[in-house]
Amino acid sequence: MLRKDCDQTFVCRDFIKYPRRRFNTSRRQLQTNMAVRLCDVASLLRSGSWAPEPWTGQVIATMETQLSNGPTCNNTSNGPSTISNNCSSPVESGSIEDSKTNLIVNYLPQNMTQEELKSLFGSIGEIESCKLVRDKITGQSLGYGFVNYVDPKDAEKAINTLNGLRLQTKTIKVSYARPSSASIRDANLYVSGLPKTMTQKELEQLFSQYGRIITSRILVDQVTGVSRGVGFIRFDRRVEAEEAIKGLNCQKPPGATEPITVKFANNPSQKTSQALLSQLYQSPNRRYPGPLAQQAQRFRLDNLLNMAYGVKSRFSPMAIDGVTSLAGINIPGHAGTGWCIFVYNLAPDADESILWQMFGPFGAVTNVKVIRDFNTNKCKGFGFVTMTNYDEAAVAIASLNGYRLGDRVLQVSFKTNKTHKA
DNA sequence: TGTTATT
């Protein structure tokens with residue numbers, strides 16, 4: 001299916017350096033650039049040799065290197081395969097019973113909450129329901145969720161607009177959810193012993209004879225980029241995965257000298273839960289289940305979760321609240337639930353998605369809002385972004401203030417009371 | 001053995 005997603009490249013037009021030229025840069029390229037900027041800013045911040053000013057030539061040069069070498073996939077639809085980092089083949093129409101309003105969202109940042117998920121997807125249209133899937137035991141996010149829209153058009157728009165969006169270190173994937181069924185669970189295969197020369201496309205070709213492939217991946221060495229000879233294939237149905245094991249395990253792919261191993265992949269959530277519970281079980285405190293022991297156990301659980309999941313400790317706005325209320329001072333941008341950022345000089349046709357795309361790569365964004373004229377529904381030239389962590393907000397502001405978006409130069413700052421109408 | 005894919 002060919003979608004009219006040309007309008008999805010609007011953000012990237014006239015991007016960065018050549019404001020009067022029309023680019024056809026993909027959103028992914030834009031987001032890659034954002035990540036590069038973040039890295040550069042972070043390293044400059046660490047070295048102490050940087051002040052919050054608009055972009056320098058040095059940074060732009062780095063970005064252009066990335067632009068020419070980076071991923072160039074423009075496809076924002078979600079298909080039966082995932083060729084190289086979410087670049088998917090066009091999706092074929094599902095069965096007539098498939099929901100056209102319910103989406104599955106994969107590769108969400110670990111610390112993203114259900115409310116943030118709802119805020120992000122709610123910027124597209126009215127949401128009927130939204131759920132972030134969490135580990136039943138630990139409560140930790142499993143990194144995916146579901147968004148069910150009222151209107152199928154909004155679901156399609158969400159796929160076109162938000163698939164491939166970079167949020168922190170992740171690139172989210174947005175696709176139609178298949179009808180839930182036991183038959184589609186546990187259909188993920190781990191494949192090892194692959195020829196190092198085998199491409200993802202060739203891997204899919206090898207496995208596609210056994211059924212519909214939902215995702216595929218070949219793991220590569222982080223440094224060299226060379227295949228590690230291992231990968232994953234997720235089939236639509238478990239029976240397809242079973243047949244693929246029967247047909248391909250211990251077999252040599254065409255042209256290969258060694259046989260491959262094909263088996264069901266581990267479930268990371270199960271493994272981690274078991275590891276955590278195993279450690280908890282060894283705790284002496286559990287033999288004395290009084291209130292103090294429970295508290296200690298809770299503390300231990302928190303630490304274990306931090307270690308196991310790499311949960312980043314957050315700058316706590318609550319701590320600041322205590323200080324500000326006692327001292328009677330105001331801290332710009334701090335609204336009690338995060339750090340509010342004022343974005344000025346947006347175009348009349350700006351929408352929430354541009355704010356997500358600009359700020360999402362810098363860290364946890366809880367909310368974005370474009371201020372619109374009541375009668376025309378056009379952007380009045382400014383908007384707000386709320387970010388959870390001060391340091392991420394500060395880097396975003398420093399990076400995006402003075403940023404040229406289309407033919408406009410943005411002004412980005414912590415929100416002050418001057419612009420606040422209570 | 002993954003950027004935790006079926007609530």
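Proteins get letters first, then strands, A, B, ... in listed order; numbering begins at 1 in each.
Taking side-chain N and O atoms only, A/Asn106 has a distance below 4.0 Å to OP1 or OP2 of B/dA5. Proximity of A/Arg185 to the phosphate of B/dT6: no side-chain N or O atom is located under 4.0 Å from OP1 or OP2. Side-chain nitrogen and oxygen atoms of A/Arg234 include at least one within less than 4.0 Å of the OP1 or OP2 phosphate oxygen of B/dT6. In this structure, A/Thr215 does not reach the B/dA5 phosphate: none of its side-chain N or O atoms is under 4.0 Å from OP1 or OP2. Residue A/Lys170 places at least one side-chain N or O closer than 4.0 Å to OP1 or OP2 of B/dT4.
Closest heavy-atom contact between A/Phe414 and A/Ala393: CE2-CB, 3.9 Å.
Rounded to whole Å, atom P of B/dT1 lies 15 Å from atom CD1 of A/Ile218. Rounded to whole Å, the distance from OH on A/Tyr149 to C1' on B/dT7 is 16 Å. In this structure, CG of A/Leu194 is placed 13 Å from C1' of B/dT1, rounded to the nearest angstrom. Distance CG (A/Leu132) to P (B/dT4): 13 Å, rounded to an integer number of Å. Atom pair A/Glu240:CD and B/dA5:C1' shows a separation of 15 Å (rounding to whole Å applied). A straight line from OH of A/Tyr107 to C1' of B/dA5 spans 7 Å, rounded to a whole angstrom. Protein atom CG of A/Asn111 is 13 Å distant from nucleotide atom P of B/dT4, rounded to whole Å. As a whole-Å value, the separation of A/Asp98 CG from B/dT6 P is 16 Å.
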Listed pairs under 3.5 Å, donor-acceptor, residues 252-264 of chain A side chains, sequence neighbours left out:
none

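Counting non-hydrogen atoms under 4.0 angstrom, A/Lys136 reaches nothing in the nucleic acid. Within the 4.0 angstrom heavy-atom criterion, base atoms lie near A/Ile104. At the heavy-atom level, A/Tyr144 lies under 4.0 Å from the strands shown only through sugar-phosphate atoms.
Within the 3.5 Å criterion, the main-chain N or O of A/Ala158 finds no donor-acceptor partner in the side chain of A/Thr161.
Along DNA chain B, the nucleotide nearest A/Lys131 and the nucleotide nearest A/Gln222 are compared for position; the residue whose nucleotide lies closer to the 5' end is A/Gln222. Mapping A/Tyr190 and A/Asp236 onto DNA chain B via the closest heavy atom, the residue that lands nearer the 5' end is A/Tyr190.
Here the straight-line distance linking atom CD1 of A/Ile214 with atom CD1 of A/Ile233 works out to 11.0 Å at 0.5 Å rounding.
Under the 6.0 Å cut-off for aromatic ring centres, A/Phe342 and A/Phe384 qualify, their centroids lying closer than that.
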Practice problem: Just do the ring-ring contact (aromatic ring centres under 6.0 Å, His included) check on A/Phe232 and A/Tyr190 with the steps written out, would you? | Solution: CA-CA 5 Å; A/Phe232 293 89; A/Tyr190 173 75; 5.5 Å; yes
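Closest contact between the side chain of A/Lys263 and the listed nucleotides B/dG2, B/dT1, B/dT6 involves B/dT1. Which of B/dT4, B/dT7, B/dT6 sits closest to the side chain of A/Val133 comes down to B/dT7. With distances taken from any side-chain atom of A/Ile214 to the nucleotides B/dT7, B/dA5, B/dT1, the minimum falls on B/dA5.
DNA chain B is contacted by A/Arg228, A/Phe232 of residues 223-233 of chain A, taking any non-hydrogen atom closer than 4.0 Å.
With A/Leu103 as the partner, the side-chain contact (heavy atoms from CB on, under 4.5 Å) test is satisfied by one option alone out of A/Ile159, A/Asp154, A/Ile124: A/Ile159. When each of A/Asp98, A/Asn102, A/Asp236 is checked for a side chain to side chain donor-acceptor pair (under 3.5 Å) with A/Arg178, only A/Asp236 meets the rule.
One donor-acceptor pair, N or O on each side, does fall under 3.5 Å between the base of B/dT7 and the side chain of A/Asn102.
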